[in-house]
Amino acid sequence: MRNEIALTLQKALRELYNIDWQIDTSIIQRTKKEFEGDFTLVVFPFVKQARQSPDMVAQSLGDYFQQNLHCRFNIVKGFLNLTFPCQVWINFLKNNYTNTSFGYFATGNSDVTLIEFSSPNTNKPLHLGHIRNNLLGDSVSRILAACGKKVIKVNLVNDRGIHICKSMLAWQKFGNGETPESTQMKGDHLVGKYYVEFDKHYKAEVAQLEAGGMDKTVAEKQAPLMLEAQEMLRKWENNDPEIRQLWNQMNEWVYQGFAQTYQQLGIAFDKVYYESQTYLLGKQLVEEGLQKGAFYRRDDQSVWADLREEGLDEKLLLRSDGTSVYMTQDLGTAQLRYDEFHPKEMIYVVGNEQNYHFDVLKLVIGKKLKKEYGPRIHHLSYGMVELPFGKMKSREGTVVDADDLMEEMIIEAQNKTSELGKTDFEDGKASQLFEMIGLGALKYFILKVDPKKNMLFDPEESIDFNGNTAPFIQYTHARIKSLLRKAADHQINYNHQSFNEIDLQKAELDLVKMLYEFPQIVKTAGEMKSPALIANYAFDLAKEFNRFYQETPIFKETNEQLRDLRLHISQFTALVIKNAMTLLGIHVPEKM
RNA sequence: GGUUCCGUAGCUCAAUGGAUAGAGCAACUGCCUUCUAAGCAGUAGGUUGUUGGUUCGAUCCCAACCGGAAUCACCA
């Protein structure tokens with residue numbers, strides 16, 4: 001419909017005013033509820049070229065639409081509202097209400113999009129900040145796939161470096177041979193425990209040195225534990241068998257822990273990279289850049305890129321001892337991925353604290369090294385999750401642990417359910433439901449917020465289950481399913497197509513029009529890489545349905561065609577809710 | 001200090017440059033002998049940080065200022 005309007009508008013502009021207009025369906029908006037109409041066109045953009053008053057342009061265009069598209073129209077202050085015959089909407093409903101992939105676009109031979117997310121360190125378990133990263137990455141992947149792209153999800157695990165050595169060292173010194181089995185702890189939590197342990201002892205050492213009169217910054221560098229950790233990193237880089245074995249073992253514990261967390265979150269990757277295998281890769285590119293004259297070497301042998309002309313600073317690419325830094329590896333991994341998948345776009349889901357890093361990365365690859373994939377890098381930058389008392393700090397124990405939080409949400413869902421006196425579930429269904437609701441609430445809470453904004457999480461007030469939440473939307477879905485079950489119980493076969501003489505009421509029409517918007521929302525969410533658009537749409541839709549549900553009894557309706565039509569609308573709404581929530585990685589129940 | 005991002009109801013969040021800035025939570029008022037009340041209807045709550053500018057039209061774009069955050073490492 002939108003396309004037809006746009007095409008007709010293009011023709012009208014050419015014929016009436018000789019204006020050459022590029023098709024852009026986004027200027028055709030849904031009419032606001034307080035006005036009469038289905039679609040609204042703002043005519044102001046054309047009045048200058050048309051050399052007529054806004055109302056005259058609207059009148060002429062309205063006449064044209066009326067003749068060519070058989071719609072009615074009204075004009076309010078330069079806004080042209082078009083109203084289509086009811087039958088148009090009924091046809092839309094008939095043609096789509098059983099289409100289980102409604103809102104999803106076909107893949108075809110489309111572009112490859114590579115998306116990196118999660119990218120954890122292996123020295124501690126995942127926390128709420130990681131959850132936002134994982135959920136965003138997963139949901140954007142789903143949305144882009146729904147937009148017809150071939151999406152490849154990759155994870156880059158930071159499995160090496162000084163921070164892992166800290167955990168290893170602390171375990172060696174204070175661990176007494178503890179294992180996940182012996183302690184009944186998840187592996188990542190056990191390793192995280194020793195990361196904290198290291199910090200505790202390290203701080204004590206620094207304090208002692210300071211008490212002995214040493215300067216703080218010197219003490220921080222001279223503390224025996226820090227020196228030992230650095231020594232361990234050197235041994236690691238020299239392939240010391242003992243250190244490598246310990247490293248392998250502790251990483252293995254962490255991976256088993258992560259696997260559980262990922263599974264519960266419902267996310268998976270197509271490919272996992274490990275920094276221990278890729279961290280040397282960038283050196284070749286740095287060498288290439290040196291030869292091209294894109295970079296330069298200082299007297300101390302360190303290598304730099306000069307980005308002052310681009311408004312940034314000079315950036316280190318290789319240390320004076322020849323070892324690689326973060327930027328070096330990212331240069332390497334970008335090349336590696338590009339060679340492997342030739343993506344049209346490479347998305348990095350990384351927090352906004354690294355905005356500068358990605359500005360530099362893009363410039364170094366595109367402007368300096370002149371690689372064609374430089375401009376294809378897209379940093380999907382998201383805001384921090386803040387607590388009422390500030391940022392999460394693992395060393396200060398103010399982190400909200402991912403596993404704990406998920407567990408609490410599930411228990412909360414269970415409590416809430418029994419509070420409401422809902423106990424009638426088949427064997428095994430109840431625990432599935434609690435998980436669906438608890439995790440759904442958590443995911444929705446995070447995804448409904450615009451990714452680039454910082455958001456606040458208050459652990460004292462647990463996440464709501466009423467209002468603009470996943471449980472509300474899930475409840476609406478369950479309600480509809482209950483309606484459809486009742487229809488089946490009453491032997492009502494509403495799957496027929498004979499609705500030709502029926503007029504839709506406003507509540508029904510509003511709902512159908514909102515359902516019509518879904519594919520457009522998916523498209524925009526893909527372009528903007530924002531699950532928040534999907535989340536807010538799903539809420540609006542559920543809200544709209546509940547209004548309809550409350551105001552419009554279905555089974556009391558004596559006109560059978562009208563009753564059946566309402567069942568169509570209900571079924572379609574359930575389908576769209578499910579499709580929308582699936583894009584957020586949230587399941588919807590048949591009953592709750 | 002330089003750069004980037006954010007400031008919308010008491011709180012948490014919406015609003016591709018379009019009509020009277022919307023939801024939820026919290027507060028208050030109604031609606032369950034039932035198509036599931038995790039719901040619906042209603043009341044109250046706003047100078048969209050401030051001041052200018054661009055525009056037919058600005059929460060949105062531009063400039064300055066005020067607040068807050070991030071970043072500017074031979075960390076990642």
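Worth saying up front: this structure is predicted, and the values here are computed from it rather than measured. Hydrogens, waters and symmetry mates play no part in the numbers below; they use all other heavy atoms, side chains included.
Computed from coordinates, the A:Glu314 CD to B:A73 P distance equals 11 Å when rounded to whole Å. One interatomic measurement links the two molecules: OH of A:Tyr326 to P of B:C72, which rounds to 11 Å at whole-angstrom precision. B:A76 atom C1' lies 16 Å from atom CG of A:Leu318, rounded to whole Å. The CZ atom of A:Phe555 sits 13 Å away from the C1' atom of B:U34 (whole-angstrom rounding). Distance, A:Tyr475 OH to B:G24 P: 16 Å, rounded to whole Å. Per the geometry, NZ belonging to A:Lys221 stands 12 Å off C1' belonging to B:C75, to the nearest Å. In this structure, the CZ atom of A:Arg319 is 8 Å from the C1' atom of B:C75, given to the nearest Å. The separation between A:Leu233 atom CG and B:C75 atom P is 11 Å, rounded to whole Å.
Closest to the side chain of A:Ile437, out of B:A19, B:A38, B:A37, is B:A38. Counting only heavy atoms from C-beta on, A:Lys452 has its side chain closest to B:C6 among B:A38, B:C25, B:C6. For A:Arg479, whose side chain is taken as the heavy atoms from C-beta onward, the closest listed nucleotide among B:C40, B:C56, B:G39 is B:G39. The side chain of A:Lys48 has B:C56 as its nearest neighbour among B:A76, B:C56, B:U4. Of the candidate nucleotides B:C56, B:A41, B:C25, B:C25 has the atom nearest to the side chain of A:Asn466. Listed nucleotides: B:A23, B:U36, B:U71. Nearest to the side chain of A:Glu353: B:U71.
Annotation: B:A23 and B:U16 have their P atoms spaced 16 Å apart (nearest Å). Distance check on atom P: B:U51 versus B:C32 gives 49 Å, rounded to whole Å. With both ends at atom P, the span from B:U34 to B:A44 equals 32 Å, rounded to whole Å. Here the separation of B:C56 from B:C25, taken at their C1' atoms, is 39 Å to the nearest Å. A distance of about 13 Å separates the C1' atoms of B:G22 and B:G45, rounded to the whole Å. Separating the P atom of B:C5 from that of B:A64 is a span of 13 Å, rounded to the nearest Å.
Checked by atom type and distance alone, the side chain of A:Thr40 never pairs as donor or acceptor with a backbone atom of A:Arg30 at under 3.5 Å. Judged purely by atom type and a 3.5 angstrom limit, A:Asp450 has no side-chain atom pairing as donor or acceptor with the backbone of A:Lys453. A donor-acceptor contact shorter than 3.5 Å links the side chain of A:Lys283 to the backbone of A:Gly322. Between the side chain of A:Arg297 and the backbone N or O of A:Leu290 there is no donor-acceptor pair closer than 3.5 Å. Within the 3.5 Å criterion, the main-chain N or O of A:Thr323 finds a donor-acceptor partner in the side chain of A:Asp321. Looking at A:Trp236, its side chain never comes within 3.5 Å of a backbone N or O of A:Ile162 through a donor-acceptor pair.
At the heavy-atom level, A:Phe472 lies under 4.0 Å from the strands shown only through sugar-phosphate atoms. Looking at heavy-atom distances under 4.0 Å, A:Lys422 makes contact with a base. Using a 4.0 Å heavy-atom cutoff across all strands shown, A:Gln354 reaches at least one base atom of the nucleic acid. Within the nucleic acid shown, A:Thr40 comes within 4.0 Å of at least one base atom, counting heavy atoms only. Residue A:Thr552 is classed as a base contact, given a heavy-atom separation below 4.0 Å to a base. Within the 4.0 angstrom heavy-atom criterion, only backbone atoms of the sugar-phosphate kind lie near A:Tyr356; the bases stay farther away. Nucleic acid contact for A:Asp330: none, since no nucleic acid atom lies under 4.0 Å from a heavy atom of the residue. Residue-level contact check: A:Ala478 touches the bases, meaning some heavy atom is under 4.0 Å from a base atom.
Proximity of A:Lys543 to the phosphate of B:G24: a side-chain N or O atom is located under 4.0 Å from OP1 or OP2. For the pair A:Ser482 and B:C35, the criterion of a side-chain N or O lying under 4.0 Å from OP1 or OP2 is not met.
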Point to revise | Protein-to-nucleotide contact annotation, 5' to 3' order, nucleotides 7-18 of chain B [B base; S sugar-phosphate only; - none; under 4.0 Å, heavy atom] | key: S----SSSSB-B
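With its glycosidic angle within 90° of 0, B:C32 is assigned syn.
A salt bridge links A:Arg308 with A:Asp306: at least one charged nitrogen is closer than 4.0 Å to a carboxylate oxygen. A:Arg160 has a carboxylate O that lies under 4.0 Å from a charged side-chain N of A:Glu237, or vice versa, which qualifies the two as a salt bridge. Between A:Arg2 and A:Glu517, at least one side-chain nitrogen of the basic residue sits less than 4.0 Å from a carboxylate oxygen of the acidic one, meeting the salt-bridge criterion. Salt bridge present: A:Asp199 and A:Lys203 bring a charged side-chain N and a carboxylate O closer than 4.0 Å.
In terms of position along RNA chain B, the nucleotide closest to A:Lys591 lies nearer the 5' end than the nucleotide closest to the other residue of the pair A:Lys591 and A:Gln550. Residue whose closest nucleotide on RNA chain B sits further toward the 5' end, between A:Glu551 and A:Arg298: A:Glu551.
At a cut-off of 3.5 angstrom, counting only N and O atoms as typed in the model, there is no donor on one side facing an acceptor on the other between the side-chain of A:Asn546 and the base of B:A41. Evaluation of atom-type donor-acceptor distances gives a pair under 3.5 Å for the side chain of A:Thr417 against the base of B:A38.
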Revision key, fill the gap. Given Watson-Crick and G-U pairs under 3.5 Å, RNA chain B in dot-bracket ([ ] crossing, | other strand) is (((((((..((((....[...)))).(((((.......))))).....(((((..]....))))))))))))....
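Aromatic pair A:Tyr17/A:Phe46: ring centres not closer than 6.0 Å.
Relative orientation of the A:Tyr549 and A:Phe545 rings is tilted, given thresholds of 30° and 60° on the angle between their planes.
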